[in-house]
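Note: hydrogens, waters and symmetry copies are ignored here, and every other heavy atom, side chains too, is used.
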Amino acid sequence: MNKPEILVIAGPTAAGKTAVSIAMAKRYGGEVVSCDSMQLYKYMDIGSAKPSPEEMDGIPHHMIDVIDPREDFSVAVYQEMAKAAIADILERGRLPVICGGTGLYLNALLYEMDFGPSRRDSDYRRNLEKLAEEKGEEALHARLADVDPASAERIHPHNIKRVIRALEAAELDGRPLTAFENVRKKSDAYTARLLGVTWDRPVLYRRIDERVDRMLAAGLKEEVRGLMARGFTSDDIAMKGIGYKELIDHFNGLYPYSEAVRLIKRNTRHYAKRQMTWFRKYEDMVWFNGSAYTDPKNWLEDMYAWADKRS
RNA sequence: GGUCCCGUAGCCAAGUGGUAAGGCAGAGGUCUGCAAAACCUUUAUGCGCCGGUUCAAAUCCGGCCGGGACCU
């Protein structure tokens, strides 16, 4: 039996994934499933570059505005919800168009990744954080070397977050991360076709600068002020998003507005670079570089031509 | 015209005789539960130019060029 197909639109931030995904959904009778760790959050519209209702143009979107910025979230939850959305779309005979830049979340859809049952363990983590603070990260790392030497080998001692997660997996879940090494089995549920959207680096960086300016003109400051008024602070995970953390720091008097803007642009460039590193690993991804086209229409036409094949 | 100060990587910058710290930016990378997060690697055969002193010069001396301050 043939596995159903899904279409994945990936690429660095500000490359134009949103427009492409909506165009694809329109052409092939699809619905968009966002794969973006920030668009999940309610109230964070401008800074997370959520598509507006006008942009969506009637195309149903999933995995946007699904949680409160203060709710606990993780890849595991994303995987469960997004898979359910995909199954639902397929059941209705439509094409799931996965659109997003969050690599880990995308992996959770593309590969058979078993996260096991969900748990609440904030005390455990807090204790380990305290251990790292009091006895040093080396002590924490040494503890990992005891229970899961292979993971200790792979994870740098400075990377406390990862060390803690590995400890948690080994000590609490009883499933050391090492067990998942080299597990790269593609999803049983569907076949994914990967379309990469990108630009030459200097062009991408210019697009990023321009988009940040557009976000600010569109009222990002007011959006952040509104979130602060709702009681969100830089301690909330969702407020660590680019554009949010910098403006919060600015409003708290840490630096002038111009510096906040500079940092937002720079951090977005860094982010785009990391995304490229991640997506380059997808060997089946077919890239469409916008810099190679003088007319954006031809860019989209080429993507259609590619998508038309065996669709 | 005179006196003084400065000139080290794309940017900031340490280094006053023993063979070029560090930060930022840039580039590359890691990745199964906060991932727009967290973390790692990497970047000057050369210190404005020319000459001199010395076993050894970014460091000392002379000249020149460039920038700045003050004086006339």
Could you tell me how far apart [X] ([atom1]) and [N] ([atom2]) are, to the nearest whole angstrom?
| X | N | atom1 | atom2 | result |
| --- | --- | --- | --- | --- |
| A/Leu109 | B/A35 | CG | P | 14 Å |
| A/Ile164 | B/U32 | CD1 | C1' | 17 Å |
| A/Ile237 | B/A37 | CD1 | C1' | 8 Å |
| A/Trp278 | B/C31 | CH2 | C1' | 5 Å |

Answer yes or no: does a side-chain N or O of [X] lie under 4.0 Å from OP1 or OP2 of [N]?
| X | N | result |
| --- | --- | --- |
| A/Arg201 | B/A27 | yes |
| A/Tyr105 | B/A35 | yes |
| A/Lys240 | B/A38 | no |
| A/His158 | B/A38 | no |
| A/Arg184 | B/U32 | yes |
| A/Arg274 | B/U30 | no |

When the [atom1] atoms of [N] and [M] are considered, how many whole Å apart are they?
| N | M | atom1 | answer |
| --- | --- | --- | --- |
| B/G18 | B/G26 | P | 35 Å |
| B/C47 | B/U59 | C1' | 10 Å |
| B/U3 | B/A44 | P | 40 Å |
| B/A20 | B/G15 | C1' | 8 Å |
| B/A25 | B/G66 | P | 35 Å |
| B/G67 | B/G29 | P | 43 Å |
| B/C4 | B/C61 | P | 12 Å |
| B/A58 | B/A14 | C1' | 12 Å |

Name the nucleic acid region contacted by [X], choosing base, sugar-phosphate or nothing; use a 4.0 angstrom heavy-atom cut-off, strictly under.
| X | value |
| --- | --- |
| A/Gly243 | nothing |
| A/Asn107 | nothing |
| A/Tyr244 | nothing |
| A/Glu246 | nothing |
| A/Tyr78 | nothing |

Looking at the side chain of [X], which of [options] is the nearest nucleotide?
| X | options | result |
| --- | --- | --- |
| A/Lys245 | B/G26, B/C40, B/A37 | B/A37 |
| A/Asn159 | B/C31, B/A38, B/G28 | B/A38 |
| A/Arg154 | B/C39, B/G29, B/U32 | B/U32 |
| A/Arg125 | B/A35, B/G26, B/C34 | B/C34 |
| A/Thr277 | B/C39, B/U30, B/A37 | B/U30 |

Whether A/Tyr304 and A/Tyr28 hold their rings parallel, tilted or perpendicular, with breakpoints at 30° and 60°: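 Perpendicular.
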Within residues 133-171 of chain A or reaching into it, pairs that qualify as ring pair (Phe, Tyr, Trp, His ring centres under 6.0 Å) - sequence neighbours excluded: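 Every ring pair (Phe, Tyr, Trp, His ring centres under 6.0 Å) pair that includes a residue of residues 133-171 of chain A, provided the two are not neighbours, is A/His156-A/His158.
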Strand contacts (RNA chain B) in residues 261-271 of chain A, 4.0 angstrom heavy-atom criterion: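 Residues of residues 261-271 of chain A that come under 4.0 Å of RNA chain B are, in numerical order, A/Arg266, A/Arg269, A/His270, A/Tyr271.
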Six-ring centre of A/Tyr257, A/Lys221 cation under 6.0 angstrom, axis tolerance 45°: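 Judged by the rule (NZ or CZ under 6.0 Å from the ring centre, within 45° of its axis), A/Lys221 counts as positioned above A/Tyr257.
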Ring-face cation of A/Arg193 near A/Trp306 (centre distance under 6.0 Å, axis angle within 45°):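 Relative to the ring axis of A/Trp306, which defines the angle, A/Arg193 lies inside both limits.
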Test log, rule salt bridge (Lys or Arg N to Asp or Glu O under 4.0 Å), inputs A/Arg125 and A/Glu168: CA-CA 8 Å; A/Arg125 282 194 185 184; A/Glu168 190 177 61; 2.9 Å; yes
When rounded to the nearest 0.5 angstrom, what distance separates [atom1] in [X] from [atom2] in [Y]?
| X | Y | atom1 | atom2 | answer |
| --- | --- | --- | --- | --- |
| A/Ile86 | A/Arg94 | CD1 | CZ | 15.0 Å |
| A/Tyr43 | A/Asp65 | OH | CG | 9.0 Å |
| A/Met63 | A/Ile98 | CE | CD1 | 10.0 Å |

Donor-acceptor pair (no angle test) under 3.5 Å: A/Lys273 side chain, B/G26 base: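 By the distance-only test, no, there is no pair.
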N/O donor-acceptor pair, side chain A/Arg165 with base B/A35, under 3.5 angstrom: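 Answer no: no donor N or O sits under 3.5 Å from an acceptor.
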Mate of B/G28 where both pairing distances stay under 3.5 Å, Watson-Crick or G-U: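 Paired with B/C40.
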Base partner of B/G7, which must satisfy Watson-Crick or wobble distances under 3.5 Å: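 Per the H-bond distance test, B/C65.
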Basic-acidic side-chain contact under 4.0 Å: A/Asp209, A/Arg262: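 No, this pair does not count.
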Salt bridge (Lys or Arg N to Asp or Glu O under 4.0 Å) assessment of A/Asp308 paired with A/Arg27: CA-CA 10 Å; A/Asp308 281 345; A/Arg27 184 178 173 97; 2.8 Å; yes
